[in-house]
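Everything numeric here is computed off the predicted structure, so don't read it as measured data.
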Amino acid sequence: RAARVALAGPVAEMLYTQSTEVARADAEKEYKTALASNPFDEKSECRLGDIAMRRSDVKDAAAHYARALEMQPDDPGANMGMAKILMSMHEPEKAEPRLEHAAQLEPFDPATHYRLGVVYRELGRAEDSRRELAEFAKLKKMKSRLSEIYQQMRLQPAKGEDSETDDLPQ
């Protein structure tokens, strides 16, 4: 049983990234298993909040994010999750500090800047909204470019990467 519980987190993460409903349901079970074993598993609380949001269960999602934030107030994902809940409840003034905190914690996350721009717009802060949406566009472009570079690196290994064959004729 101990080995099964130790694997719950990594297995849940792998399942969570899958796109099928069956995999997501299995991920939810794994996260719940992890929480049963360790009620202070903040990551599992946060992921269960994400899962609840996907099925539009705002009350359940809010409860999971609240518990995650109690354990780790500086978790950008938990702050972002709670902000999404508050935005869905049309409470941008309550979402604003969560998003600002998430942006401080993860300044290079495009989604955070996008949502912050939306919240600022809803609060009538047009200049702040434009600034955050411009930051979102810049980060999204940079992320896309980094992804392209990464793909190129995977397709064309750098010289010296495989020292055993570098000196062989091509």
Side-chain angles (χ1 to χ4, degrees), residues 4-140 143-144 147:
R4 172 77 175 114
V5 170
L7 286 175
V11 170
E13 281 297 303
M14 184 217 37
L15 291 168
Y16 178 76
T17 61
Q18 304 298 311
S19 60
T20 68
E21 287 302 315
V22 172
R24 287 193 191 129
D26 288 344
E28 184 172 10
K29 289 177 196 170
E30 293 292 332
Y31 286 123
K32 286 180 178 179
T33 298
L35 272 177
S37 168
N38 175 10
F40 300 103
D41 185 350
E42 179 265 338
K43 179 133 178 127
S44 290
E45 286 287 8
C46 198
R47 287 295 194 214
L48 286 168
D50 295 343
I51 291 168
M53 272 301 282
R54 278 190 178 163
R55 65 172 184 265
S56 300
D57 187 343
V58 175
K59 185 178 176 183
D60 191 36
H64 286 294
Y65 290 133
R67 285 191 295 271
L69 287 166
E70 284 175 20
M71 289 182 255
Q72 182 51 264
D74 289 335
D75 180 310
N79 277 282
M80 173 71 103
M82 186 59 84
K84 288 193 290 191
I85 295 285
L86 294 166
M87 290 170 69
S88 75
M89 297 168 61
H90 306 288
E91 297 185 29
E93 65 286 341
K94 291 181 181 176
E96 177 190 9
R98 293 278 178 211
L99 287 169
E100 287 176 340
H101 191 54
Q104 289 172 344
L105 296 167
E106 278 192 359
F108 298 107
D109 179 35
T112 301
H113 291 281
Y114 175 80
R115 290 190 186 282
L116 195 50
V118 171
V119 162
Y120 284 155
R121 186 181 67 226
E122 289 179 14
L123 294 172
R125 294 172 55 185
E127 188 59 37
D128 290 332
S129 177
R130 280 191 286 278
R131 182 190 70 240
E132 291 300 325
L133 293 174
E135 185 69 10
F136 158 73
K138 180 180 95 175
L139 292 171
K140 186 176 173 190
K143 186 177 179 181
S144 175
S147 180

Quick one: closest heavy-atom pair of A102 and P76, and the distance? CB-O, 4.0 Å
State whether the side chain of H64 and the backbone N or O of A78 hold a donor-acceptor pair below 3.5 Å, judged by distance alone. no
Taking atom CE of M53 and atom CE of M82, what is their separation to the nearest 0.5 Å? 10.5 Å
Rounded to the nearest 0.5 Å, how far apart are CG of D50 and CE of M80? 10.5 Å
Correct closest heavy-atom pair for C46 and G77 would be SG-C, 3.7 Å
Does a salt bridge link E127 with R130, judged by any charged N lying under 4.0 Å from a carboxylate O? yes
Is it the case that the side chain of T33 and the backbone of K29 share a donor-acceptor pair, with hydrogens and angles ignored and the cut-off at 3.5 Å? yes
Side-chain heavy-atom pair S88, V58 within 4.5 angstrom cut-off: yes
What heavy-atom pair brings M87 and R115 nearest, and what distance separates the two atoms? CE-O, 4.1 Å
I'd like to know whether Y114 forms a side-chain contact (heavy atoms from CB on, under 4.5 Å) with K140, so could you lay out the CA-CA distance, the side-chain angles of the two residues, the decisive distance to 0.1 Å, and finally the verdict. CA-CA 10 Å; Y114 175 80; K140 186 176 173 190; over 6 Å; no
Less than 4.0 Å between a side-chain N and a carboxylate O, is that true for R55 and E28? yes
Salt bridge (charged side-chain N to carboxylate O under 4.0 Å, His left out) evaluation trace for R67 with E70: CA-CA 5 Å; R67 285 191 295 271; E70 284 175 20; over 6 Å; no
Measure the CG-CD1 distance between D60 and I51 for me, rounded to the nearest 0.5 Å. 10.0 Å
Tell me the closest heavy-atom pair linking N79 and P73, and the distance in Å. ND2-O, 2.9 Å
Among P107, S144, P110, find the residue that satisfies the side-chain contact (heavy atoms from CB on, under 4.5 Å) test when tested with L139. P110
Determine, stepwise, if the pair E132 / L99 fulfils side-chain contact (heavy atoms from CB on, under 4.5 Å). CA-CA 11 Å; E132 291 300 325; L99 287 169; over 6 Å; no
Pairwise distance CG(L35) to CZ(R47) - rounded to 0.5 angstrom: 13.0 Å
Shortest non-hydrogen contact from A103 toward L116: CB-CD2, 4.2 Å
Correct closest heavy-atom pair for Y120 and R131 would be CE1-NH2, 3.8 Å
Would you say F40 and Q72 make side-chain contact, with heavy atoms under 4.5 Å? no
To the nearest 0.5 Å, what is the distance between CD on E106 and NE2 on H101? 11.0 Å
CG (D75) and CD (E45) are apart, to the nearest 0.5 Å, by 11.5 Å
